[in-house]
Amino acid sequence: MSHQELHNAPIEAAAPKGRSLDDSLQFIKGVGPQVAEKLVKLNLRNVGDLLRHYPKRWEDRTHFRDMSDVRPGEFVTLCGKVIAVSTRYTRQKLAITEALLDDGEGAVKLIWMNQPYMEKTFRALASAQKQVVVYGQTKREGYSGSSYVLEMQNPEWEELGEDGDTLSANRITPVYPATEGLRQGRLRKMVYSTLQEYTQYVEETLPPSILSQHRLIGVQQAIQSIHFPESESERQLARKRLVFEEFFTLQTLLALRRRANSHDVQGISFSATLEELQQTLANIVPFTLTNAQQRAIAEVAANVTSGRAMNRLVQGDVGSGKTMVALAALLMAVKSGYQAAIMAPTEILAQQHGMVMQRLLEPLGINVEVALGSLTQKRKNQMRDRIITGLANIVVGTHALIQEGVDFAKLGLIVIDEQHRFGVLQRQALALKGVRPHILVMTATPIPRTLTMTLYGDLDVSVLDELPPGRKPIKTHWRNQEKREQVYRGTQTLLDEGRQVYVVCPLVEESEKLQAKSATQLAEQIAIEVFPQYRVGLLHGQMRPDEKEDVMAQFKAHELDVLVATTVIEVGIDVPNASVIIIENAERFGLAQLHQLRGRVGRGEHASYCILLADPKNDDGRARMEVMTATQDGFRISEEDLRLRGPGEFFGTRQSGIPEFSIADIFNDMDILAETREAAFQLVEADPKLTRPEHHPLRRAIENMRSKIGLMSVS
Ligand code: ADP
Ligand code: MG
């Protein structure tokens with residue numbers, strides 16, 4: 001059957017009863033239990049899954065590139081005949097199998113390591129004179145003479161049009177994510193026959209008005225064309241439509257939630273007013289708040305007095321002054337007769353918040369309780385008593401806050417600092433300590449705007465896009481290890497001027513113990529050999545909390561000049577007099593981490609420096625060093641970070657809640673994302689519960705999606 005017939009295939013008039021996209025794949029011709037098992041490995045269980053198993057790429061097999069035109073480094077699809085095959089063994093007994101593929105114009109050498117069985121396969125192809133299609137990245141062969149031969153290591157390959165398979169030749173051919181033992185040709189046929197029988201059951205979930213306004217093709221057409229497009233433009237139309245659908249469904253879900261939060265949910269209405277709050281802040285805060293801080297505070301105040309539950313994200317670079325926004329929110333709660341809690345990811349950070357809150361708020365008669373996991377049982381019990389009796393107005397703590405036994409008398413507001421460090425469940429657990437408390441989440445990892453939209457579309461967002469006045473830019477230099485002496489001499493000058501210095505130890509991933517050991521050694525070396533005339537302190541994760549606290553306090557009080565530390569200082573200490581941070585083996589750190597570390601300096605009126613001692617061994621590492629020296633803009637850095645690492649790894653964990661898209665690409669489809677966001681919010685404005693009949697299919701699609709993803713929101 002040709003692809004022409006596919007598109008003209010008549011829609012069956014009377015489909016057998018009871019067919020649906022939920023049908024098991026075993027109903028498809030040629031799928032027995034064994035194949036079904038392999039399909040499960042690809043997460044394909046039913047017909048609907050298979051129809052949405054989109055190709056990972058398409059190969060235009062109507063014409064192939066001439067091998068003689070291809071440059072080294074290109075990713076290409078080539079086609080030719082196998083003219084020679086051989087296997088040799090290296091001294092280490094490594095089998096290297098090579099096959100020469102020739103298209104009459106040129107040749108490419110295919111190479112496999114330790115897959116000697118390839119020899120037999122390719123010999124058979126050679127003697128049968130078969131056309132073979134290969135895909136991969138070409139390299140220039142290292143040791144050849146004048147006319148070079150390209151090579152391709154471990155290419156993807158298949159026989160062209162195997163057994164007269166018309167789906168795999170002379171057309172734009174889909175290539176699917178596959179699994180071992182399931183050949184492309186097989187998958188293609190399966191998808192093809194599934195399309196034939198089931199396309200008509202695919203439901204259009206986009207409302208007609210959206211389809212026409214955004215010039216999108218229908219879903220059935222799109223599903224057919226995405227698998228077997230007749231032209232590149234047809235493929236693009238199909239892709240655009242499917243990407244739109246994926247984003248639009250998510251954005252509609254977010255718009256519904258946002259609306260539910262802001263319109264329907266009864267929340268606590270605080271009685272304190274913004275004016276009162278501003279008055280108090282002016283009295284207790286030793287500096288003038290930035291415009292961005294004032295704006296964020298006003299936004300918070302508007303939320304908490306509205307009678308509806310607040311769900312707000314404060315996003316601001318390191319040092320932008322988020323703590324003051326948190327403090328203002330906590331103050332609103334206390335002034336209105338409620339308790340409030342703030343949760344931070346590390347003990348050091350919680351302690352620091354505790355100190356700030358105590359210093360500024362206790363003079364007002366507000367009791368600030370610090371809840372840490374490391375407290376003694378006796379102190380824990382006392383703390384719990386003070387919280388449940390309502391004696392504690394504000395509770396600052398780590399995840400110890402959400403443990404059993406910590407109960408509040410009247411919790412009205414929670415703040416979660418560095419919220420991406422907590423899982424969804426932890427954030428929920430804190431919220432459940434009250435009855436629909438107001439929620440403020442804060443993050444210092446500036447999130448690319450694209451992600452803000454997809455992750456936090458259901459939250460209100462305040463952005464602190466302004467640093468407190470007087471901050472000098474941090475000069476960032478990347479130096480090789482051999483420049484170490486020079487770096488130390490420069491640092492010495494600043495120490496002589498009375499500044500303080502951080503030295504960050506190389507990252508040791510194997511264990512906390514080893515990390516502590518290497519930190520200790522480095523500290524000794526620096527104290528004895530490098531800066532013998534200065535006071536050198538040490539901070540690492542294996543120290544007891546009270547030891548850490550002591551060192552931190554000493555450094556803050558300038559009783560130490562140099563602090564050698566592991567990444568425990570990443571989100572920790574705030575010392576304005578520290579103006580140099582030297583990061584050892586900086587290439588081992590991720591971009592977000594480097595940026596956080598750098599944020600430890602540049603907090604006072606002094607010119608500050610960040611020195612990256614690094615000898616990166618790959619492009620990735622070099623790219624990271626270059627980004628760091630090129631910009632100090634957290635948003636740009638996070639964009640680069642996301643680009644270099646990809647969304648999956650960006651926040652490290654699955655539970656980060658970044659939805660996985662099946663066809664949309666969060667970078668390249670940014671325009672479509674923005675388009676869908678606007679459209680979705682408009683639609684929900686017009687039909688807030690999606691009750692109109694033309695929106696019912698969309699509602700079903702949303703229910704489906706809701707069950708698949710866990711979004712960030714705490715509510
Ligand atoms: P973030 O949590 O956003 O990284 P912090 O709240 O820790 O930042 O603030 C960083 C430093 O800036 C602290 O020393 C804080 O006291 C100071 N700071 C905050 N707001 C201002 C302001 N408006 N003017 C001057 N200094 C400020
Ligand atoms: Mg902070």
Side-chain angles (χ1 to χ4, degrees), residues 277-278 280-298 300 312-331 342-361 396-398 415-422 440-447 461-474 500 502 552-553 555-558 567-579 581 592-606 608 610 632-635 637-638:
L277 176 69
Q278 285 166 333
T280 312
L281 289 174
N283 289 336
I284 61 169
V285 176
F287 38 71
T288 314
L289 295 173
T290 64
N291 289 328
Q293 283 170 321
Q294 285 178 24
R295 206 182 329 119
I297 289 169
V300 168
R312 179 171 291 277
L313 168 74
V314 177
Q315 212 184 1
D317 213 340
V318 269
S320 60
K322 290 183 293 297
T323 313
M324 284 303 131
V325 180
L327 182 129
L330 300 171
L331 204 50
I342 173 166
M343 183 162 72
T346 63
E347 297 229 329
I348 289 188
L349 199 54
Q351 276 162 348
Q352 187 167 286
H353 283 327
M355 287 193 271
V356 171
M357 304 292 164
Q358 278 165 349
R359 178 158 47 87
L360 299 183
L361 299 179
V396 184
T398 56
V415 179
I416 293 165
D417 197 10
E418 307 290 342
Q419 63 82 29
H420 62 277
R421 295 265 185 128
F422 294 100
L440 187 67
V441 297
M442 311 205 292
T443 182
T445 307
I447 296 157
V461 180
S462 300
V463 180
L464 298 187
D465 51 5
E466 184 185 359
L467 294 179
R471 296 279 166 79
K472 300 237 171 65
I474 303 166
Q500 287 164 278
Y502 295 104
M552 197 177 98
F555 191 65
K556 264 193 152 165
H558 203 166
T567 51
V568 295
I569 58 161
E570 186 186 333
V571 289
I573 303 179
D574 177 39
V575 180
N577 189 48
S579 68
I581 184 162
Q593 215 169 13
L594 288 171
H595 181 64
Q596 291 275 350
L597 287 167
R598 177 167 62 182
R600 296 307 102 207
V601 298
R603 301 183 145 239
E605 75 252 44
H606 312 288
S608 298
C610 170
Q632 210 182 312
D633 177 345
F635 282 97
I637 289 176
S638 66

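Both ligands and their constituent atoms are indexed starting at 1 by order of listing.
Contact residues for ligand 1 (protein heavy atom closer than 4.0 angstrom to any ligand atom): Phe287, Thr288, Leu289, Thr290, Gln293, Asp317, Val318, Gly319, Ser320, Gly321, Lys322, Thr323, Pro468, Arg471, Asp574, Arg603.
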Evaluate salt bridge (Lys or Arg N to Asp or Glu O under 4.0 Å) for Asp317 paired with Lys322, printing each intermediate quantity in order. CA-CA 9 Å; Asp317 213 340; Lys322 290 183 293 297; over 6 Å; no

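In this structure, Gln294 contributes its side chain and Leu289 its backbone to a donor-acceptor pair below 3.5 Å. Side-chain atoms of Gln500 come within 3.5 Å of backbone atoms of Phe555 as a donor-acceptor pair (strictly under, hydrogens ignored).
For the residue pair Ser462 / Arg312, a side-chain donor-acceptor distance below 3.5 Å is found, with atom types taken as modelled.
None of Val396, Leu327, Val325, Ile342 except one satisfies the side-chain contact (heavy atoms from CB on, under 4.5 Å) rule with Val415; the exception is Ile342.
Among residues two or more places apart in sequence or in another chain, the side chain to side chain contact (heavy atoms under 4.5 Å, CB included) test is passed with Ile474 by Thr476, Arg598, Val601, Ser608, Cys610, Gln632.
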